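Because only heavy atoms are used, hydrogens play no part in the values below, and waters and symmetry mates are left out as well, while side chains stay in. For clarity, every value in this text was computed on a predicted model and none was experimentally measured.
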Amino acid sequence: MKNKKKLQKYFNKNYYNKDDNFKVIVSKIIEEENINIKTNMFFNFFKIIATTIISLVATSGLVFASVKIYNEYIKNKGEIQSDALYLTEDGLYSSDYTNGMQYDRETHLYYKIITNMEDYNKYKNILDELPEMTKETFINNFLILICGTGSRDPHETDLEISEVTTNSETTYLTLKQKSNPNYEKNSITLYVMLDKELLRNQVKLKLYIPKIESEKFIAIENLPDTYSIEDALKDGCFVENDFKILSENKYELDELIENSKNNIESFVRIYSKDGYSVRIIDLQYKNNLFMAKARRLGKPDVKIFSFKFLTKNYSEDGLYLFGYNSVDSAISSAMLLLVSYE
């Protein structure tokens, strides 16, 4: 079959689910060629491609990259428990490990693409937990090392590689927090060995963010810049204007703190106005963790952060400080809101 190899190459490059669908694809090709044997071959080739794609999508659906790439193209992955990469001979933490690595701005992690034994041996001498690889291994495979150390928000700790996808230019690695994570873990050292078919010009790391949302409210990103105090009160937000609580329930944040002590899931949208500046905060307690999404009206940027404890302390002049901390329930390391109950 003259066009079979060309079509097979086309599907391979685009990472369709070739295991499940290749036999179907070939069958369709043969069927079309028998029916259109007297048809112009150039026209027939492209017709086969079109009818095959349409038929497969309409019947069983053509499965794309993520799951099949995970099952077939990830050869090995894991986590390095040792902190040897970050330590000097004196046992002190150092940033020297970043030399020769690429920095990913979205996740604030470093990565290294390893395609040869010279680079591999450099890191293998430090990280004995890396999988065993040889010169022959690198003929069809490559290794990506992901590293980072230092303080991070709780939802960014104890990560693992959950998914690998690609487009024509970039290999994307999605990092997701483990179930029952260790929030005290300060270092991240991960590796993944991939089939060279996934090697692209660049690598991009993505961090999976748990959803911070409530059916009661529209998405914080979709709020208009004209969203007013009246709108917020009508929607049931916790509203504060120049420290004064305007909401009917003045103790909604106090209730959120009590719910967290009893591990009860809760959600509050805060509308905080200071002069002409308005800040919207979606605050969610779930799975023993506070997640917050914040945005200032008039600006598109959305900040996402997390913490373990929400605290309330008397400040001065009748004001109370709601603060947050990831390590201690008795103190506040950062201010969330300052309010008066009067």
Side-chain angles (χ1 to χ4, degrees), residues 153-156 177 181 183 208-315 318-342:
D153 278 1
H155 75 282
E156 300 177 326
Q177 190 170 61
Y183 294 116
Y208 173 82
I209 304 295
K211 290 183 178 180
I212 309 168
E213 61 183 11
S214 169
E215 295 181 355
K216 182 179 176 181
F217 303 102
I218 66 171
I220 194 172
E221 296 88 344
N222 297 331
L223 285 174
D225 294 339
T226 56
Y227 194 66
S228 66
I229 289 177
E230 290 72 24
D231 294 329
L233 288 171
K234 182 180 179 181
D235 289 342
C237 301
F238 179 83
V239 180
E240 169 267 319
N241 181 21
D242 289 331
F243 311 130
K244 184 178 181 181
I245 300 174
L246 303 181
S247 305
E248 182 176 345
N249 182 3
K250 297 180 182 292
Y251 300 98
E252 192 170 5
L253 292 181
D254 298 78
E255 293 169 1
L256 183 63
I257 292 175
E258 287 304 311
N259 285 342
S260 69
K261 294 177 181 178
N262 297 302
N263 199 25
I264 299 174
E265 293 185 12
S266 305
F267 185 98
V268 175
R269 172 165 287 180
I270 300 170
Y271 182 102
S272 176
K273 186 173 183 180
D274 181 10
Y276 295 100
S277 177
V278 176
R279 185 170 54 136
I280 309 294
I281 306 171
D282 280 353
L283 185 57
Q284 175 178 284
Y285 179 81
K286 187 176 182 179
N287 298 329
N288 297 307
L289 189 67
F290 286 96
M291 292 288 300
K293 180 190 289 188
R295 174 197 162 200
R296 288 193 181 275
L297 293 186
K299 297 183 179 181
D301 297 337
V302 173
K303 180 183 178 183
I304 294 176
F305 54 103
S306 62
F307 47 93
K308 291 287 292 178
F309 305 104
L310 180 63
T311 61
K312 174 189 174 183
N313 293 292
Y314 181 75
S315 178
L319 297 178
Y320 288 85
L321 170 67
F322 284 93
Y324 57 92
N325 201 333
S326 292
V327 296
D328 195 332
S329 61
I331 61 174
S332 301
S333 61
M335 184 179 77
L336 181 73
L337 205 62
L338 197 62
V339 300
S340 168
Y341 289 87
E342 300 299 325

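Considering only heavy atoms from C-beta on, Ile270 stays 4.5 Å or farther from Glu252 through its side chain. Looking only at side-chain heavy atoms (C-beta outward), Ser340 and Lys244 stay at 4.5 Å or farther from each other. Taking the side chain as every heavy atom from C-beta outward, His155 and Ile209 approach each other to under 4.5 Å. Contact of the Tyr285 side chain with the Ile257 side chain is not registered, since no non-hydrogen atoms from C-beta on lie closer than 4.5 Å. With contacts defined as side-chain heavy-atom distances shorter than 4.5 Å, the pair Glu240/Leu337 qualifies. Side chains of Ile229 and Val239 form a contact here, defined as non-hydrogen atoms less than 4.5 Å apart. Taking the side chain as every heavy atom from C-beta outward, Phe217 and Cys237 approach each other to under 4.5 Å. Lys308 places a side-chain heavy atom less than 4.5 Å from the side chain of Asn288.
Nearest heavy-atom pair, Ser306 versus Met291, reported as atom, atom and distance to 0.1 Å: CB-SD, 3.4 Å. What you find for Phe322 and Val339 is that their closest heavy atoms are CE1-CG2, 3.7 Å. Closest approach of Thr311 to Asn313, counting heavy atoms only: OG1-ND2, 3.9 Å. Among all heavy-atom pairs drawn from Phe307 and Leu283, the shortest one is CZ-CD1, 3.6 Å. Nearest approach of Lys211 to Gln284, heavy atoms of both residues: O-NE2, 3.1 Å. Counting all heavy atoms, side chain and backbone alike, Asn262 lies closest to Glu258 at ND2-O, 3.1 Å.
Glu221 CD: more than 12 foreign heavy atoms inside a 6.0 Å radius. Atom NZ of Lys250 has more than 12 heavy atoms from other residues, nucleotides or ligands within 6.0 Å.
Without hydrogens or angle criteria, Ser266 side chain to Ile264 main chain gives a donor-acceptor distance under 3.5 Å. Of the possible donor and acceptor atoms, one in the side chain of Arg295 sits under 3.5 Å from a partner among the backbone N and O of Leu223. Between the side chain of Ser333 and the backbone N or O of Tyr324 there is at least one donor-acceptor pair closer than 3.5 Å. With hydrogens and angles ignored, the 3.5 Å screen pairs no side-chain donor or acceptor of Lys293 with any backbone N or O of Val302. Proximity of a side-chain donor or acceptor of Asn259 to a complementary backbone N or O of Leu256 within less than 3.5 Å is not detected.
In this structure, the separation between CD1 on Ile304 and CG on Asp153 is 10.5 Å, given to the nearest 0.5 Å. In this structure, CG in Leu246 is found 12.5 Å from CD in Glu248, a value given to the nearest 0.5 Å. To the nearest 0.5 Å, atoms CZ (Phe290) and CZ (Phe305) are separated by 11.5 Å. Atom CG of Asn249 sits about 8.0 Å away from atom CZ of Phe238, to the nearest 0.5 Å. Of the inter-residue distances, the one linking Leu297 atom CG with Ser228 atom OG reads 10.0 Å to the nearest 0.5 angstrom.
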So Asp282 and Glu213, side chain to side chain contact (heavy atoms under 4.5 Å, CB included) or not? Walk me through it. CA-CA 7 Å; Asp282 280 353; Glu213 61 183 11; over 6 Å; no

Under the side chain to side chain contact (heavy atoms under 4.5 Å, CB included) rule, what do Leu233 and Tyr271 come out as? Steps first, then yes or no, please. CA-CA 9 Å; Leu233 288 171; Tyr271 182 102; over 6 Å; no

Glu255 vs Val268, test: side chain to side chain contact (heavy atoms under 4.5 Å, CB included). Steps then yes/no. CA-CA 10 Å; Glu255 293 169 1; Val268 175; over 6 Å; no

Taking it one step at a time, do Tyr183 and Gln177 satisfy side chain to side chain contact (heavy atoms under 4.5 Å, CB included)? CA-CA 10 Å; Tyr183 294 116; Gln177 190 170 61; 3.7 Å; yes

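Between the side chains of Tyr341 and Asp254, at least one donor N or O sits under 3.5 Å from an acceptor N or O. A donor-acceptor contact closer than 3.5 angstrom links the side chains of Tyr227 and Asp235.
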Please table the atom pairs, donor to acceptor, closer than 3.5 Å between any side-chain atom in residues 273-281 and protein atoms at least two apart or in another chain.
| residue | atom | partner | partner atom | Å |
| --- | --- | --- | --- | --- |
| Ser277 | OG | Arg296 | NH1 | 2.6 |
| Arg279 | NH2 | Leu336 | O | 2.8 |

